[in-house]
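Heads up, the thing below is written out as structure tokens.
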Amino acid sequence: MPGTGLTIFDRIWARHRILENVAGEALLYVDQHFLNETSFICFQELERLGRTVRRPKQSFLAMDHTVPTHHREAGIPNAENREAIEYLDRFARKTGMAYIGVDDPRQGIGHIVASEIGLTLPGILIAGDDSHTTTNGAMGALSLGIGLSEVTHVLATQALWQAPYRKLRVTFSGSMALAVDAKDLVLELIHRIGAAGAIGHFVEFAGAAVSALSMAQRMTICNMAVEAGARAAIIAPDETTFAYLKGRPLAPQGKDWDVAVTEWRALRTDEEAVFDREVEIPASEVAPTVTWGTSPQDAIRVDGRIPDPKDAGSAQESARAEAALHYMGLAPGMRVTDIAIDQVFIGSCTNGRLEDLRAAAAIARNGRAVVPAIVVPGSQEVKREAESEGLHLVFRAAGFEWREPGCSMCLGMNGDLVEGGKRCASTTNRNFMGRQGKGARTHLMGPAMAAAAALTGRISDVRTLLERA
Amino acid sequence: MEPFLRIEGIAVPFDRANVDTDQIIPARFIMKPRQFDYSKVLFHDLRNGPAAEPGFTLDRPEYRGAKILVTAENFACGSAREQAVYALQDTGIRALVGPSFGGIFYTNCIKNGILPAIVDATVVSALCAALLRSPGSVLAVDLPQQTIATNDGKWFPFRIGEGDKAQLMGGWDDITRTLEHEQAILAHERATAATATWTRPSFDEAIGLRRPIPFAKARDER
Ligand code: SF4
């Protein structure tokens, strides 16, 4: 429908609006509800309230946050984690929820599994017990991260109250330079608008550089939109999306597929639509990027130098930057490529997909890791595909460890931790203090850059490594 | 849930930007039942161990029993973990005052009867300056009036969504209230099913339920 001035959000929102209250909040229908082990309190609460799961088939429970990534045969060592998993396993079987358990051949990080099995489709509304539920916006779904109270509410009602939203469009124009990754685009965005820059906003990613991205790269960008505070992120579905979804087990099949694609093509933002805010970043301005501090906004070009906290915009920001440098054990003016690292983590829902592993392996092929490095595929499916291409052999030959899928060192709940004071080059999404372990120092970067760091033992410009190769 | 109208209590100046929920409660503490006293782990790693911050604000005696936290931009960003709210709640915090909050955290507060009051950054500076001048002093937060008053008679307005305000003041049980609209939810489900132009395979047929987990009797961690 041209000429109506609607955004893609307005279209999906309207389709899911059950009613509105006097305060202008909408009760939205939730098509798919994503859950993980950390949701167990909600199930206990539901039982305490004497309520049931209203739509078990629309409740997708995947085990990812706490599962071990090696020696699985020995079981789940941590008692709290194990008890929660056992409790949820019983609960899922009893209620008939859509369930991917620990030993399921499709086990993996929920957001990654959901895209692989075709659970995430354009135009649907997803609510998930995880802030990175934004990842699923890459397929054109309206996908909202929620907390435990809301999860309990969705379990009982299959609906979610949402206040009106503001709209931000981020346009990555032009095209990316060689060796620049989607991770670099999104780190640059967070750096420019700040970790609070998109609070309260639904964010649409658009522009030539976004259209040119693969689905895996789109997921990386939508995944990290929440690090700028976004409530949701979306990319309008296009031919890349349809090609990705076609044939997935839960995608519509046969005639239904054609009907669905016709409908999905209409899921876009009208030219006349007005956003509350617009940000444009020429993709050609983006270089390989890493973080130096304790917020994802502390991002800098890999060929840059650590900024001086004195130059920060405000006294408060100076103090924060100073504390961040202190925690990270770095000094202003230092060259980023002079930072020595102790270990490397490649994985997570940000960069744990096949394409990410390929990018890392392409670098790993050229040398040998001089620091401990682990590769954790995002799912069993990713692991199988990677192994069929021989990527595990590449990694092993280069001295990287090849593990079982899960969230792993992204937040260390399964015991995969970075020791206090150690410095990790990580493909994850959060460099918060203690995120990867008490006192751990995290530098966020893309998968090729992380692999390069493993080979050199310091933060390295992947472009110079490629030149040499 | 306890309705929120007006509270008066000791306020803590906590003027730091981008405090994330991993700092408020590290991930290793979130697998505990709600009955656990989460106050024990609030800002755990900033308060315990060799890397602890000496004289961490919340540990200072003048802030014992505080009910209000005055925070800077983007407080409690990051992870969705509602345990961050539990940790504040179990410590006795009833209201937070700041220019912005992590989006999911903000909603988590409302659902637990905690007020996230939004003020301009200049108000945070003014309040923190006043609180630092006389540590342990009291603020009064009035939700119906949407004001924060200092004990020397100054007051500042704060912002809050209309629906959030009503929910806090009513102390509603969300689920019961939503299920008053059961008919509307059902009607929506039926209408969507009736007008659906395509369907997808069922999860059980396409993916199926798998074997039970073989981990039932694993060793405990030492
Ligand atoms: S990989 Fe990290 S960010 Fe992603 S779901 Fe797991 S813990 Fe969350």
Side-chain angles (χ1 to χ4, degrees), chain A residues 18-19 21 23 25 27 29 38 41 57 74-82 84 86 89 98-99 101-104 117 129-131 145-149 153 156-157 159 163 195-196 199 229 231 249-253 256 259-260 263 295 316 320 411-413 420 430 432-435 438-439, chain B residues 15-18 20 22-23 26-28 30-34 45 49 51 72-74 77-82 100 102-104 107-108 111-112 161-163 166 174-175 178-179 181 184-185 188 192 197-203 206-207 209-221:
Chain A
I18 299 165
L19 51 87
N21 66 18
E25 295 170 324
L27 185 63
Y29 191 74
T38 70
I41 289 181
K57 298 288 174 230
I76 298 185
N78 177 290
E80 274 176 357
N81 293 347
R82 184 175 66 247
E86 286 169 4
D89 188 79
Y99 173 54
V102 178
D103 74 335
D104 193 293
I117 62 180
D129 178 12
D130 191 282
S131 56
I146 58 177
L148 298 176
S149 295
H153 182 273
T157 66
I199 284 189
R231 267 166 69 187
L250 292 177
Q253 314 282 333
D256 274 344
V259 179
E263 204 176 284
S295 162
Q316 189 193 57
R320 192 199 65 81
L411 86 173
M413 283 185 75
R430 287 184 175 144
F432 297 157
M433 283 190 260
R435 168 83 176 180
K438 193 170 172 174
Chain B
D15 192 11
R16 311 177 184 204
N18 296 320
D20 55 74
D22 279 85
Q23 281 177 60
R28 62 186 187 280
I30 68 173
M31 294 300 276
K32 302 183 182 304
R34 182 62 193 99
D45 292 355
E73 183 180 64
N74 205 19
C77 57
S79 159
R81 63 188 70 157
E82 195 158 314
S100 58
I104 303 174
T107 306
N108 290 344
K111 303 295 177 191
N112 286 279
E162 225 186 293
D174 231 14
I175 295 176
T178 300
L179 289 178
H181 303 298
I185 301 174
H188 181 92
T192 315
T197 49
W198 51 271
T199 56
R200 59 151 119 210
S202 89
F203 186 90
I207 312 290
L209 278 178
R210 306 289 167 175
R211 303 181 303 281
I213 56 168
F215 300 116
K217 294 285 169 274
R219 286 172 295 120
D220 268 21
E221 200 173 38

Exercise for the section: Kindly write out the residues that satisfy side chain to side chain donor-acceptor pair (under 3.5 Å) with Thr178(B), not counting sequence neighbours, or none if the list is empty. Expected result: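 With sequence neighbours excluded, Thr178(B) shows a side chain to side chain donor-acceptor pair (under 3.5 Å) to His153(A), Trp161(A), given in chain and number order.
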
Handout entry: Results of side chain to side chain donor-acceptor pair (under 3.5 Å) for Arg435(A) - residues two or more places apart only
Key =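 Applying side chain to side chain donor-acceptor pair (under 3.5 Å) to Arg435(A) gives Asp22(B).
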
Who among [options] has the most heavy-atom pairs with chain B under 4.5 Å?
{"options": "Leu148(A), Thr157(A), Thr38(A), Asn81(A)", "result": "Leu148(A)"}
{"options": "Pro252(A), Ala251(A), Gly439(A)", "result": "Pro252(A)"}
{"options": "Ala260(A), Gly420(A), Ala23(A)", "result": "Ala260(A)"}

Measure distances from [X] to the heavy atoms of chain A and classify the residue's part below 4.5 Å as side chain, backbone, both or neither.
{"X": "Pro26(B)", "answer": "neither"}
{"X": "Thr197(B)", "answer": "both"}
{"X": "Ile175(B)", "answer": "both"}
{"X": "Ala166(B)", "answer": "neither"}

Exercise for the section: Specify which of Thr199(B), Thr192(B), Ile30(B), Asn112(B) makes the most heavy-atom pairs with chain A at under 4.5 Å. Expected result: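 Top option by heavy-atom pairs under 4.5 Å: Thr199(B).
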
Problem - Max heavy-atom pair count under 4.5 Å with chain A, selected residue of Asn108(B), Asp15(B), Asp45(B) - result: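 So the answer, after comparing Asn108(B), Asp15(B), Asp45(B), is Asp45(B).
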
Measuring heavy-atom distances to chain B, does [X] have an atom under 4.5 Å in its side chain, in its backbone, in both, or in neither?
{"X": "Ala195(A)", "result": "both"}
{"X": "Leu411(A)", "result": "both"}
{"X": "Lys57(A)", "result": "side chain"}
{"X": "Ile199(A)", "result": "side chain"}
{"X": "Ile18(A)", "result": "both"}
{"X": "Ile41(A)", "result": "side chain"}

Which atom of [X] lies closest to which atom of [Y], heavy atoms considered:
{"X": "Tyr99(A)", "Y": "Asp104(A)", "answer": "O-OD2, 4.1 Å"}
{"X": "Asp174(B)", "Y": "Lys111(B)", "answer": "OD2-NZ, 2.8 Å"}
{"X": "Ala72(B)", "Y": "Gln316(A)", "answer": "CB-NE2, 3.0 Å"}
{"X": "Ala84(A)", "Y": "Met31(B)", "answer": "CB-CE, 3.4 Å"}

Handout entry: Sub-4.5 Å side-chain heavy-atom contact between Glu80(A) and Lys32(B)
Key =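 Yes. Closest side-chain heavy atoms under 4.5 Å.
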
Exercise for the section: May I ask you to check whether Asp256(A) and Gln253(A) show a side-chain donor-acceptor distance below 3.5 Å? Expected result: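 Asp256(A) vs Gln253(A): no donor-acceptor pair found between side chains.
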
Handout entry: Ser100(B) (side chain) donor-acceptor with Asn74(B) (main chain) under 3.5 angstrom
Key =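 Side chain of Ser100(B) to backbone of Asn74(B): a pair is present.
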
Exercise for the section: Test side chain to side chain donor-acceptor pair (under 3.5 Å) on Ser131(A) and Arg430(A) and set out the steps. Expected result: CA-CA 12 Å; Ser131(A) 56; Arg430(A) 287 184 175 144; 2.8 Å; yes

